[in-house]
Amino acid sequence: MKNILCKTKLAFFSLLLFSAAAVFALPGFESPLADSSGDFVYYRDSSFKRESIIGFITFDEGTYGARYYSPADKKAKLTEKDITVYLSINPEGENLEITGEKIVGAGTAEDTDIVNYIHSLFYTFVSARKKVSFEDMSLLKSTENLSEFGGEVVLEYDPFVPLFNIRSISAAGKEIFSVETAGRVLSSSDDTFSSYRGIKKLPQDKKRKIKKSNKNPLPVNYGKQKVTLDEAWTQSMENLWVLGDVAVLTMMSGDSIDQDSYFRALKSSLMGHTHSYPLWKHSKSEWENSADNLLAKSCVLWYSEGDGVTRVFKTLFREEDGSAHIFSLTVFEGAYQKNRAYFEKILYSWTLKLQ
């Protein structure tokens, strides 16, 4: 419970600090939600015959990286491959211009082909991204002829995906390149990006028992927010409650948050950190704009090394005057699946009293 509590606190502090970080974008286009140092995204790449993932990361406006990883396959007599390419680019150029590189892990002719593939993807993705423009935070689609993926493909763009904003690439209705996870490296010693090995199948959480009580409803408040719990929950901080060692509920509020910072906070809720990875295939988010109020909800399934699988529900609401409110419920998946009605009742009980 200590780990999940610490990571929950870290996630909320990251929401507050997100807008303060320096932001970057690759040459030739602007993203609705610019990237910050350490932002990364991993894709499952089905264009290879062997199991493969490829990740991209931004270090600063002139330095980027890409990593190809494929596990060993004894049956097919394939050895593990782990190749990283660090690229220096001209951040002032109108087009992508690679000015230097460092390659780690490549030693064979096949590895050289993979390095060339990484180079090609950088140029191709930047070129394709320059052709589309976001009017809001909705998904976009375009059709391109990409030789790396065998010809005509459909690219789906998502403003919340780091670097190229590419969520998936499909051919003949089948995804061949799609986001698996995304996150942010928090320091030079953080190997959350470099140690990732991919998550092909949905990890299973262990069985977990919870102590709950449907008697004596316990309404709790924080500022304008209110939610109904029960006596099984314990208040740990002014705005934080825990249910044994399986769930954490937090409410936060802030003043004068502009719309850009609000959406960056939503992006932050979809980004992993410290060996904790959101599983994008098993997550969803939605938002709606009503007058000057904004409402966003997300349900993200997380795999955390050593902790198991957690499900994180977040609701973010921004008022007309710029003040924002964040509600979050984090629960281990093993407990949630056995007690869905219980936790959903808590989620639906959340209210926000507006002036």
Nearest 0.5 angstrom please: Ser70 OG to Ile114 CD1, how far? 7.5 Å
What distance separates Tyr157 OH from Ser31 OG, expressed to the nearest 0.5 Å? 12.0 Å
Could you go step by step and tell me if Tyr68 and Ser52 meet the side-chain hydrogen bond (donor to acceptor under 3.5 Å, both in side chains) rule? CA-CA 7 Å; Tyr68 171 88; Ser52 302; 2.7 Å; yes
Report yes if some heavy atom in the side chain of Thr315 is under 4.5 Å from a heavy atom in the side chain of Ile326; otherwise report no. no
Counting only N and O atoms by type, is there a donor-acceptor contact under 3.5 Å from the side chain of Ser120 to the main-chain atoms of Tyr117? no
Test of understanding: clusters of I, L, V, M, F, W, Y form through side-chain heavy atoms closer than 4.5 Å, transitively. Do Leu218 and Tyr222 belong to the same one? yes
Flag yes if Leu78 and Ile53 sit in one hydrophobic cluster, no otherwise; membership is Ile, Leu, Val, Met, Phe, Trp, Tyr, and two members link when side-chain heavy atoms are under 4.5 Å apart. no
If we only count heavy atoms from C-beta on, is the Phe40 to Met271 side-chain gap below 4.5 Å? no
For the ring pair Phe56 and Phe164, is the centre-to-centre distance below 6.0 Å? yes
Go through the steps to decide whether Trp302 and Val300 satisfy the test side chain to side chain contact (heavy atoms under 4.5 Å, CB included), and finish with yes or no. CA-CA 6 Å; Trp302 292 72; Val300 183; 3.2 Å; yes
Decide yes or no on side-chain hydrogen bond (donor to acceptor under 3.5 Å, both in side chains) for Asp39 and Ser36, but give the supporting numbers first. CA-CA 6 Å; Asp39 283 4; Ser36 298; 4.5 Å; no
Can you confirm if the NZ or CZ of Arg44 lies within 45° of the ring axis of Phe177 and under 6.0 Å from the centre of its six-membered ring? no
Would you call Glu94 and Pro27 a side-chain contact if the rule is heavy atoms closer than 4.5 Å? no
Which atom of Gln225 lies closest to which atom of Ser253, heavy atoms considered: NE2-OG, 3.5 Å
Hey, are Asn216 and Glu231 close enough side-chain-wise for a donor-acceptor pair under 3.5 Å? yes
Identify the residue among Glu319, Lys224, Arg318 that makes a side-chain hydrogen bond (donor to acceptor under 3.5 Å, both in side chains) with His325. Glu319
For Trp280 and Glu180, test the side chains for any donor-to-acceptor distance below 3.5 angstrom and give the result as yes or no. no
So does Pro217 get a backbone contact from the side chain of Thr228, meaning a donor-acceptor N/O pair under 3.5 Å? no
For the atom pair CD (Glu144) and NZ (Lys131), what is the distance rounded to the nearest 0.5 Å? 4.0 Å
Shortest non-hydrogen contact from Ile176 to Ala171? CD1-CB, 4.2 Å
Lys201 versus Ile199, closest heavy-atom pair with distance: O-CG2, 3.2 Å
Full working for side chain to side chain contact (heavy atoms under 4.5 Å, CB included) between Tyr342 and Asp230: CA-CA 11 Å; Tyr342 174 75; Asp230 59 45; 2.7 Å; yes
Please determine whether a side-chain nitrogen of the Lys or Arg among Asp35 and Lys267 lies less than 4.0 Å from a carboxylate oxygen of the Asp or Glu. yes
Verify whether one side chain among Ser276 and Thr274 offers a donor that lies under 3.5 Å from an acceptor in the other. no
Indicate the ring-plane relationship of Tyr336 and Phe313, choosing parallel, tilted or perpendicular according to the 30° and 60° boundaries. tilted
Are Arg67 and Asp82 side-chain neighbours, meaning at least one heavy-atom pair lies under 4.5 Å? yes
So, Asp191 versus Ser194: side-chain donor-acceptor pair below 3.5 Å or not? no
Taking the six-membered ring for Trp, are Tyr42 and Tyr196 closer than 6.0 Å centroid to centroid? yes
Quick one: are Val115 and Asp113 in side-chain contact, heavy atoms under 4.5 Å? no
Looking at Phe48, I want to see if its CZ is surrounded by more than 12 non-hydrogen atoms of other residues, nucleotides or ligands under 6.0 Å. yes
Using the rule that two of Ile, Leu, Val, Met, Phe, Trp, Tyr join whenever any of their side-chain heavy atoms come within less than 4.5 Å, decide whether Val154 and Ile169 are in one cluster. no
Does NZ in Lys130 sit with more than 12 non-hydrogen atoms of other residues, nucleotides or ligands closer than 6.0 Å? yes
In terms of heavy-atom contacts, Ala335 and Val246 come closest through CB-CB, 4.1 Å
Contact check, side chains of Lys345 and Leu347, non-hydrogen atoms, under 4.5 Å: no
Shortest non-hydrogen contact from His273 to Leu186? CB-CD1, 4.1 Å
Would you tell me whether Glu101 and Ser88 have side-chain atoms, one donor and one acceptor, within less than 3.5 Å of each other? no
Value for CG (Leu243) from CG (Leu249), rounded to nearest 0.5 Å, stands at 10.0 Å
Set out, in order, the CA-CA distance, both residues' side-chain angles and the distance that settles side-chain hydrogen bond (donor to acceptor under 3.5 Å, both in side chains) for Glu175 and Ser170, then state yes or no. CA-CA 4 Å; Glu175 287 189 351; Ser170 303; 4.8 Å; no
Side-chain donor-acceptor pair under 3.5 Å between Asp190 and His275, yes or no? no
Ring centroids only, cut at 6.0 angstrom: are Tyr303 and Tyr277 within range, meaning strictly under it? no
State the CG-CG distance between Leu155 and Leu146, to the nearest 0.5 angstrom. 5.5 Å
Has the side chain of Thr181 got a donor or acceptor atom that lies under 3.5 Å from a matching backbone atom of Pro278? yes
Same apolar cluster (I L V M F W Y, side chains within < 4.5 Å links), Phe160/Phe134: yes
Under 3.5 Å donor-acceptor, Asp111 side chain and Thr108 backbone: yes
Indicate the ring-plane relationship of Phe125 and Phe149, choosing parallel, tilted or perpendicular according to the 30° and 60° boundaries. parallel
Side chains of Glu148 and Thr124: does their closest heavy-atom pair fall under 4.5 Å? yes
Yes or no on side chain to side chain contact (heavy atoms under 4.5 Å, CB included) for Arg50 and Lys81, after CA distance, side-chain angles and deciding distance? CA-CA 11 Å; Arg50 62 186 293 170; Lys81 286 191 177 297; 3.7 Å; yes
For the side chain of Arg167 and the backbone of Pro159, is there at least one donor-acceptor N/O pair under 3.5 Å apart? no
Which atom pair, heavy atoms only, marks the closest approach of Tyr43 to Ile166? OH-O, 2.6 Å
Going through the checks in order, is the side chain to side chain contact (heavy atoms under 4.5 Å, CB included) test met by Val132 and Ser142? CA-CA 8 Å; Val132 300; Ser142 71; 4.0 Å; yes
Separation between CG (Leu26) and CZ (Phe122), nearest 0.5 Å, reads 6.5 Å
Keeping Asn239 on the side-chain end and Met251 on the backbone end, is there a donor-acceptor pair under 3.5 Å? yes
Considering only heavy atoms from C-beta outward, does the side chain of Ile57 approach that of Tyr86 to under 4.5 Å? no
Residue that, paired with Asp158, satisfies side chain to side chain contact (heavy atoms under 4.5 Å, CB included) out of Asn165, Leu139, Leu33: Leu139
